[in-house]
Amino acid sequence: TPPGFVRSPKMSLRRDGPIYVDGRAIDPKEAVAEVLSHIKNHAIKSNQKYDIMQAVMTIPVDFGGKERRALRNAASKAGIAITKFVHEPVSALYAYLRAKENLERELAELDGRLVLVFDWGGGTLDLTLCKIQGGSIMQIKNLGDNDIGGDKFDSKLRNLVREKHAKIHGIKDIRAYETPGAAAKLLLICERLKIWFSNSTEIFDFGT
């Protein structure tokens, strides 16, 4: 993770005060606006026939009026008007179905059935119970947890690696030996390994 990198910036919109990047106080909306501006500019460069003036924005299931207003403000700073908010698990389900060979057939096979979607993102774990009816996705119930998001899992995994390494080598204060930036590099490696394990079909036995 490079210096000044902000993980899950959208989650910072829940804060009442600033976030700190390299010791500088920054309005969370400004951080999100920078990310959206980067995405917009990258998309325009990839296909110069189109500009991006409007967007449908995905949000955690517990994003209320305050967070939505902050996100609209950030998007506006990036030159994007939000036309609609969609809960992230619903968006994930729709993307999953769209990736199938025949969307209409998939919807027909699921018609009248319940689908529980687990959306484990960087900042939150969101669960949404949906029902497919008449070719549409209907939300039945939502539940979100902000304490077990992927970012926190990565941090716990990094701390576990630290503890095991310190125990093996008899080090009392392992952080005292870390060079600047080492913690961020280890965090990035843990995140990449988590993603790799998530995509792997192999069974691993790490012992006790």
Side-chain angles (χ1 to χ4, degrees), residues 1-39 42 58-64 66-67 70-71 74 87-89 91-93 95-96 116-128 142-208:
T1 305
F5 186 84
V6 179
R7 297 171 67 90
S8 301
K10 188 163 58 177
M11 301 309 297
S12 67
L13 296 177
R14 300 180 188 276
R15 301 169 61 98
D16 292 325
I19 58 176
Y20 292 89
V21 181
D22 292 339
R24 295 181 295 119
I26 297 178
D27 186 326
K29 295 188 291 294
E30 296 292 339
V32 175
E34 284 292 326
V35 173
L36 293 176
S37 293
H38 174 77
I39 294 172
H42 179 74
T58 62
I59 55 173
V61 297
D62 65 345
F63 250 38
K66 173 188 172 184
E67 291 85 2
L71 187 53
H87 285 147
E88 289 168 355
S91 176
L93 175 58
Y96 170 78
L116 180 60
V117 183
F118 287 76
D119 178 15
W120 194 12
T124 60
L125 171 63
D126 287 344
L127 285 76
T128 293
N142 295 309
L143 182 65
D145 192 315
N146 301 325
D147 294 325
I148 52 176
D151 291 345
K152 293 186 178 180
F153 180 89
D154 298 340
S155 296
K156 288 184 178 295
L157 182 58
R158 176 185 62 184
N159 293 339
L160 178 62
V161 171
R162 279 170 165 164
E163 291 171 8
K164 286 185 173 294
H165 183 77
K167 184 176 181 180
I168 291 172
H169 296 280
I171 302 172
K172 290 185 178 180
D173 185 8
I174 192 169
R175 299 191 186 192
Y177 292 89
E178 290 182 353
T179 58
K185 290 180 181 178
L186 180 58
L187 184 65
L188 179 60
I189 292 171
C190 288
E191 181 183 21
R192 287 176 174 172
L193 283 173
K194 177 191 70 178
I195 295 171
W196 185 81
F197 280 123
S198 298
N199 294 328
S200 176
T201 57
E202 298 181 47
I203 298 176
F204 298 89
D205 182 7
F206 295 98
T208 53

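Both backbone and side-chain heavy atoms feed into the values below; hydrogens, waters and symmetry mates do not.
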*Asks:* Rounded to the nearest 0.5 Å, how far apart are CZ of Arg158 and CG of Leu187?
*Replies:*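 So the gap between those two atoms works out to 4.5 Å.
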
*Asks:* State which residues pass side-chain contact (heavy atoms from CB on, under 4.5 Å) with Pro9; sequence neighbours excluded, sorted by chain then number.
*Replies:*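 In terms of side-chain contact (heavy atoms from CB on, under 4.5 Å), with neighbours along the sequence ignored, Pro9 is linked to Val6, Val32, Val35.
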
*Asks:* Measuring from atom CD1 of Ile59 to atom NE2 of His87, what distance do you get when rounded to the nearest 0.5 angstrom?
*Replies:*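 Reported to 0.5 Å precision, the distance equals 4.5 Å.
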
*Asks:* Go through the structure and list residues passing side chain to side chain donor-acceptor pair (under 3.5 Å) with Glu178, not counting sequence neighbours.
*Replies:*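 In terms of side chain to side chain donor-acceptor pair (under 3.5 Å), with neighbours along the sequence ignored, Glu178 is linked to Arg162.
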
*Asks:* For Lys194, which residues count as a side chain to side chain donor-acceptor pair (under 3.5 Å) partner, sequence neighbours excluded?
*Replies:*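 Here the qualifying residues are Asp154.
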
*Asks:* Can you tell me if Lys10 uses its side chain to pair, donor with acceptor, with the backbone of Leu71 under 3.5 Å?
*Replies:*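 Here the side-chain-to-backbone pair does not exist.
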
*Asks:* Just verifying a value: how many Å separate Asp119 CG and Thr124 OG1, rounded to the nearest 0.5 Å?
*Replies:*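 Rounded to the nearest 0.5 Å, the CG-OG1 separation comes out at 6.5 Å.
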
*Asks:* Among pairs that include at least one residue of residues 148-168, which meet ring pair (Phe, Tyr, Trp, His ring centres under 6.0 Å), considering only residues two or more places apart or in two chains?
*Replies:*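 Residue pairs with at least one partner in residues 148-168: Trp120-Phe153, His165-His169.
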
*Asks:* Holding to side-chain contact (heavy atoms from CB on, under 4.5 Å), I want the full list of residues that pass it with Ala176, two or more places apart in sequence or in another chain.
*Replies:*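 Once residues adjacent in sequence are excluded, the partners of Ala176 under the side-chain contact (heavy atoms from CB on, under 4.5 Å) criterion are Asp173.
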
*Asks:* Run the side-chain contact (heavy atoms from CB on, under 4.5 Å) test against Asp27 and tell me which residues pass, sequence neighbours left out.
*Replies:*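 Asp27: side-chain contact (heavy atoms from CB on, under 4.5 Å) contacts with Lys29, Glu30.
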
*Asks:* Report the distance from atom CD1 of Ile19 to atom CD1 of Ile26, rounding to the nearest 0.5 Å.
*Replies:*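 Reported to 0.5 Å precision, the distance equals 6.0 Å.
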
*Asks:* Got a sec, which residues hit salt bridge (Lys or Arg N to Asp or Glu O under 4.0 Å) with Lys156, two or more places apart in sequence or on another chain?
*Replies:*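 Not a single residue meets the salt bridge (Lys or Arg N to Asp or Glu O under 4.0 Å) criterion with Lys156.
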
*Asks:* Checking Asp151 now: which residues fulfil side chain to side chain donor-acceptor pair (under 3.5 Å) with it, not counting sequence neighbours?
*Replies:*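 Scan of Asp151 (side chain to side chain donor-acceptor pair (under 3.5 Å), adjacent residues dropped) gives Arg7, Ser8.
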
*Asks:* Can you list everything that forms a side-chain contact (heavy atoms from CB on, under 4.5 Å) with Ile189? Sequence neighbours excluded, please.
*Replies:*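 In terms of side-chain contact (heavy atoms from CB on, under 4.5 Å), with neighbours along the sequence ignored, Ile189 is linked to Leu193.
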
*Asks:* Taking side chain to side chain donor-acceptor pair (under 3.5 Å) as the definition, give me every residue that meets it alongside Asp16, ordered by chain and number, with sequence neighbours left out.
*Replies:*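 In terms of side chain to side chain donor-acceptor pair (under 3.5 Å), with neighbours along the sequence ignored, Asp16 is linked to Lys66.
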
*Asks:* Which residues pass the salt bridge (Lys or Arg N to Asp or Glu O under 4.0 Å) test with Asp62, not counting sequence neighbours?
*Replies:*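 For Asp62, the residues satisfying salt bridge (Lys or Arg N to Asp or Glu O under 4.0 Å) (neighbours in sequence not counted) are Arg14.
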
*Asks:* Just to verify, what does Glu67 make a salt bridge (Lys or Arg N to Asp or Glu O under 4.0 Å) with, not counting sequence neighbours?
*Replies:*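 Here no residue qualifies.
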
*Asks:* How close do Pro89 and Asp126 get, counting heavy atoms only, and between which atoms?
*Replies:*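 Nearest heavy atoms, Pro89 then Asp126: CG-CB, 3.6 Å.
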
*Asks:* Which heavy-atom pair separates Leu186 from Val161 by the least distance, and what is that distance?
*Replies:*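 Closest pair (atom of Leu186, atom of Val161, distance): CD1-CG1, 4.3 Å.
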
